[in-house]
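In each ligand, atom 1 is the first atom listed, and ligand 1 is the first ligand listed. This one's a predicted model, so the numbers in the text were calculated from it and none came from an experiment. Below, each value reflects all heavy atoms present in this structure, side chains not excepted, and no hydrogens, waters or symmetry copies.
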Amino acid sequence: MEHVKSRQAFEEARKSIPGGVDSPVRAFRAVGGEPVFIESAKDQFVVDVDGNRYLDFICTWGPAILGHADNEVLTAVKNRMDKGLSFGMPTTIETRLAEKMHEMLPYVEKVRFVSSGTEATMTAIRLARGYTGKEKIIKFNGCYHGHHDSLLVKAGSGGATLGIPDSPGVTPGTTKSTIVCEYNNSDGVRDALEAGNVAAVIVEPVAGNMGVVKPKEGFLQTLRDLTERHEVLLIFDEVMTGFRIHEQGAYGLYGVTPDLATFGKVIGGGMPVGAIGGSGTIMDWLAPIGPVYQAGTLSGNPAAMECGLKTLEIYERDHVLEEIRRVSGHLASGLADICGRQNNVSFSIQGAMFTVFFTGTTPSNFPEVADCDMERFRRFFQFMLNDGILLPPSQYEANFLSFKHTKKDIDHYLNALETFLGLE
Ligand SMILES: *Cc1c(COP(=O)(O)O)cnc(C)c1O
């Protein structure tokens, strides 16, 4: 496989963009080699600037639940763009998307749209502190909630991959109110809540930023019980899991209702959208009704709203996740078969997200993921790339499935995995 043009593009990019990329994981630092530059994408495939086509398991890190460049979505967005790109004034399409989210997720009574997942969690934290009048935030080791300062502590994928758990430039003053607990261990949370002054517990209900790590039976319900008892808000960060682990996210899958939830990725369908949603009483604490300030010049951008709305409409109409579950069921049984014959490979899968771990037992928290054979993952990644399969370039990342991935694609993946393991 030729990567001449990608190599040249990277060299040029590094001169004017730090590290040549606008988000660190794209630089392939964790897997060696140089990144491929993408020219276009359609359905379950991406094509690089050298003309190589890859079966894509990144799916733009989650948003492409319908597959890339869905024709209906493209037409709707183009039509919307013909009316103007941005007005900085309210539009009816924002209300339509908020209504759609409420219809799909009853506990999301009100929604505020922003332009990224980072903005969504940043706002949720500020809102929780404003609403409760308390200061501390509990997060979990290996959970990523975007790159704003107060949550950039033990933040999984990006930081973990690059070996910077805490970033320079984040002041101790900012993070001193952030308490980090181990995922799947509620004892730490109980102690931290007892100590008091906690505004919120924020959690990825199924973690996706340390690879896919599922909550143990009862973990989320225990968080709900504890937070309720201490009058602390429970925030589900569903930026990645929303509409991927279940049609109704963690609420649908585990029957646990958070006070607030944050969304992104799928609800923008590939354009920049984030959202905070939850009980109307709490949401109304946001400006202009409430005292908690939050704003955004491009928030609720009409083209992005149209892209998200059309994506969710198709998602519902075509029973997209149900179809993906058929394919992911096929993947799950294939992986169970392969991992059953190996003593140092395991996997985790939930709905349209999965990870193959190079460790014998499926990890249940960050230290267990960190125990994986990262050198072997590197070889695996490169082997798959050569076989025309684009994986997220880190062991700490989730793989994503779309509506367009077929059982044949899954067989391609499984055969390549098996060949790789046979060669090792
Ligand atoms: C991707 C992600 C974010 C950050 O979203 P951005 O749009 O990249 O800012 C926050 N939380 C979770 C769980 C994510 O997966």
Are Tyr254 and Phe236 close enough, and set up right, to give a ring pair (Phe, Tyr, Trp, His ring centres under 6.0 Å), and what steps lead you there? CA-CA 12 Å; Tyr254 300 106; Phe236 280 173; 8.5 Å; no
In ligand 1, which numbered atoms sit nearer than 4.0 Å to a non-hydrogen atom of His145? 10 (C), 11 (N)
Can you list the ligand 1 atoms lying under 4.0 Å from a non-hydrogen atom of Ser116? 7 (O), 9 (O)
Work out which heavy atom in Lys404 is nearest to a heavy atom in Asp409; give both atom names and the distance. O-OD2, 3.9 Å
With no hydrogens and no angle check, just 3.5 Å: does a side-chain donor-acceptor pair link Arg224 and Thr227?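 There is such a pair (donor and acceptor under 3.5 Å, judged by atom type) between the side chains of Arg224 and Thr227.
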Do Arg126 and Gln294 get their side chains close enough for a donor-acceptor pair, meaning under 3.5 Å? no
[X]-ligand 1 polar pair, N/O distance under 3.5 Å:
| X | result |
| --- | --- |
| Glu204 | no |
| Asn209 | yes |
| Thr121 | no |

Nearest protein heavy-atom contact for [atom]: which residue, which atom, what distance?
| atom | value |
| --- | --- |
| atom 15 (O) of ligand 1 | Lys265 NZ, 2.7 Å |
| atom 6 (P) of ligand 1 | Gly117 N, 3.4 Å |
| atom 3 (C) of ligand 1 | Val239 CG1, 3.7 Å |

Quick one: does NZ or CZ of Arg376 land under 6.0 Å from the six-membered ring centre of Phe380, within 45 degrees of the ring axis? no
For a 4.5 angstrom cut-off between non-hydrogen side-chain atoms, does Ile138 reach Leu193?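 In contact.
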For a 4.5 angstrom cut-off between non-hydrogen side-chain atoms, does Ile276 reach Met283? yes
Evaluate the 4.0 Å heavy atom contact test for atom 8 (O) of ligand 1: does a protein atom fall under the cut-off?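 Under the 4.0 Å cut-off, atom 8 (O) of ligand 1 has no protein heavy-atom neighbours at all.
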Shortest heavy-atom approach to atom 11 (N) of ligand 1 - which of Asp237, Ile202, Val273: Asp237
